[in-house]
Asks: 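Here's a structure for you.
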Amino acid sequence: MNAKPARLENLHTDKGKVPVYATGIVEQPWDDYTAADHDVWRQLYERQRQLLVGRASDEFLQAQGMMGMSPDRIPRFDELNRVLEAATGWTIVGVEGLLPELDFFEHLANRRFPVSWWIRRPDQLDYIEEPDLFHDLFGHVPLLMIPAFADYMQAYGKGGVKAHGLGAEALANLTRLYWYTVEFGLIRQHDGLRIYGSGIVSSKGESIHCLESDAPNRIGFDLERIMRTRYRIDSYQKTYFVIDSFEQLMDATRPDFTPIYARLAQQGSIPAGSVLDTDAVFHRGSGEGWATDGDV
């Protein structure tokens with residue numbers, strides 16, 4: 001009998017946090033989920049679905065419904081894959097935790113999305129550092145049902161493989177793009193700004209903060225501006241970038257990024273909370289509660 005896959009989380013030492021990386025693909029041990037695991041899924045699913053009405057993009061909510069997710073139980077990857085693969089050719093693959101960058105990029109480039117098989121504990125309902133099953137499955141996977149976004153994610157993966165060979169600066173630029181779109185992106189709908197980023201839709205607090213707080217900036221999408229902008233990993237974002245459509249993301253990803261990386265190498269990075277004269281500003285943040293250091 002195969003051993004149950006591991007649950008990999010960051011190590012906390014007296015010198016700080018040490019990330020632990022997973023390797024390889026694992027089978028989802030669905031029969032091993034406990035009643036507590038299923039109840040965590042239920043609580044998070046019901047809370048976020050209720051909270052996201054009127055906040056998340058229509059396309060996200062519709063795609064999640066099409067996948068057949070429900071609060072009744074943790075979804076089975078094989079059942080979701082039948083729907084997802086038929087829609088856009090993507091599949092979910094189970095992993096034990098964070099992947100090395102190149103492994104992650106190669107999965108995306110081949111239309112495979114890694115999902116941590118394990119779900120957070122009951123005492124982690126409101127916050128967990130690592131991407132768990134709820135963050136990955138509830139937050140990321142539904143948008144892969146949308147052809148334009150699915151193509152963007154594959155293009156991003158291919159670009160990541162290339163950036164990995166170019167070096168750390170290119171990777172930093174590309175990571176910022178992922179952070180401010182896939183994880184923490186907003187989209188402009190006919191009835192106002194809405195959420196699509198997975199880091200927001202899977203978070204109760206940030207779902208409210210990103211749209212309703214006066215503190216953060218909300219700025220129009222600009223590829224190179226985003227690739228220069230630092231971000232926060234320990235608090236709500238100081239700035240959110242707004243796209244007009246998922247097609248806009250795909251159009252932005254089509255060009256060869258090599259000359260873009262060369263241009264960016266000659267320019268400095270931008271603090272997370274800055275507003276530039278050239279920005280298309282939807283809302284200039286008050287900055288209330290912002291930390292003065294810690295931008296990545």
Side-chain angles (χ1 to χ4, degrees), residues 1-45 47-48 69 71 73-77 80 91-108 112-142 153 157 160 164 171-172 175-176 178-179 182-184 197-207 209 231-237 291 294-296:
M1 176 180 285
N2 293 331
K4 182 176 178 178
R7 170 182 173 139
L8 298 183
E9 299 178 80
N10 294 331
L11 294 177
H12 292 267
T13 72
D14 56 0
K15 295 183 179 179
K17 183 175 65 177
V18 179
V20 178
Y21 292 101
T23 56
I25 295 171
V26 299
E27 289 293 325
Q28 182 189 24
W30 197 87
D31 291 335
D32 292 334
Y33 291 129
T34 66
D37 291 332
H38 289 293
D39 193 53
V40 166
W41 169 267
R42 178 192 62 77
Q43 291 183 67
L44 290 170
Y45 184 94
R47 182 173 77 178
Q48 286 306 112
M69 292 186 190
R73 59 179 174 85
I74 292 173
R76 298 184 67 110
F77 294 176
L80 295 179
T91 57
I92 299 161
V93 293
V95 295
E96 294 178 315
L98 288 172
L99 297 178
E101 288 171 332
L102 185 57
D103 293 48
F104 180 68
F105 294 143
E106 287 177 340
H107 279 303
L108 298 187
R112 299 187 300 262
F113 193 83
V115 174
S116 294
W117 70 266
W118 52 269
I119 195 163
R120 67 194 70 181
R121 298 185 304 270
D123 63 317
Q124 298 171 313
L125 283 181
D126 291 326
Y127 178 73
I128 184 172
E129 290 181 347
E130 298 81 12
D132 71 331
L133 179 145
F134 184 76
H135 169 83
D136 289 341
L137 209 54
F138 184 96
H140 279 288
V141 170
M153 289 293 284
H164 191 272
L171 274 176
T175 298
R176 290 167 181 157
Y178 189 90
W179 188 265
V182 179
E183 291 288 356
F184 291 96
S198 61
I200 309 176
V201 298
S202 59
S203 165
K204 175 185 177 182
E206 197 137 13
S207 295
H209 175 84
Y231 56 88
R232 306 292 306 186
I233 62 173
D234 58 350
S235 67
Y236 297 148
Q237 299 307 299
D295 289 358
V296 174

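For clarity, every value in this text was computed on a predicted model and none was experimentally measured.
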Asks: Hey, what do you get for OG1 (T34) to NE2 (H38), rounding to the nearest 0.5 Å?
Replies: 7.0 Å

Asks: Please say whether more than 12 non-hydrogen atoms of neighbouring residues, nucleotides or ligands are located less than 6.0 Å from CD in E27.
Replies: no

Asks: For the backbone of I74 and the side chain of W30, can you confirm whether one donor and one acceptor N or O come within less than 3.5 Å of each other?
Replies: yes

Asks: Check whether any side-chain N or O of D39 sits under 3.5 Å from a backbone N or O of A36 as a donor-acceptor pair, and report yes or no.
Replies: no

Asks: Does E130 use its side chain to pair, donor to acceptor, with the backbone of L98 at less than 3.5 Å?
Replies: no

Asks: What distance separates I92 CD1 from I25 CD1, expressed to the nearest 0.5 Å?
Replies: 12.5 Å

Asks: Compare every heavy atom of Q28 with every heavy atom of P75, then report the nearest pair and how far apart it is.
Replies: O-NE2, 3.0 Å

Asks: Give me the ring orientation class for F134 and F138: parallel if the planes are under 30° apart, tilted from 30 to 60°, perpendicular past 60°.
Replies: parallel

Asks: Between V296 and T175, is any pair of side-chain heavy atoms under 4.5 Å apart?
Replies: no

Asks: Could you please spell out the steps behind the side-chain contact (heavy atoms from CB on, under 4.5 Å) verdict for S202 and Q48?
Replies: CA-CA 7 Å; S202 59; Q48 286 306 112; 5.7 Å; no

Asks: Looking at every non-hydrogen atom in both residues, tell me the closest pair between L99 and A22 and how far apart they are.
Replies: CD2-O, 3.8 Å

Asks: What's the shortest heavy-atom distance between V201 and S207, and which atoms?
Replies: CA-OG, 4.1 Å

Asks: Okay, side chain of E96, backbone of W117: is any donor-acceptor separation there less than 3.5 Å?
Replies: no

Asks: Any donor and acceptor pair, going by atom type alone, linking the side chain of Y45 with main-chain N or O of M69 inside 3.5 Å?
Replies: yes

Asks: Hey, what do you get for CH2 (W179) to CD (Q237), rounding to the nearest 0.5 Å?
Replies: 5.5 Å

Asks: Give me the atom names and distance for the closest heavy-atom approach of F77 to S116.
Replies: CZ-O, 4.3 Å

Asks: Per the side chain to side chain donor-acceptor pair (under 3.5 Å) rule, which among Q124, R7, R120 passes with D132?
Replies: R120

Asks: Measuring centre to centre across the rings, with the benzene-like ring taken for any Trp, is F105 within less than 6.0 Å of H164?
Replies: no

Asks: Decide yes or no for Y178 and M153: does some side-chain heavy atom of the first lie under 4.5 Å from some side-chain heavy atom of the second?
Replies: yes

Asks: Nearest 0.5 Å, please: how far is CG in D103 from OH in Y21?
Replies: 11.0 Å

Asks: Treating Q43 as the side-chain partner and P122 as the backbone partner, does any N or O pair qualify as donor plus acceptor under 3.5 Å?
Replies: no

Asks: Could you measure the distance from the CG atom of L133 to the CG atom of L44? Nearest 0.5 Å is fine.
Replies: 10.0 Å

Asks: Distance from F113 atom CZ to L108 atom CG, nearest 0.5 Å?
Replies: 6.5 Å

Asks: Quick one: does D37's side chain get under 4.5 Å of W118's, heavy atoms only?
Replies: no

Asks: What is the minimum heavy-atom distance between L125 and R47, and which atoms define it?
Replies: O-NH2, 3.4 Å

Asks: Minimum heavy-atom separation for E206 and I200, please, with both atom names.
Replies: O-CG2, 3.5 Å

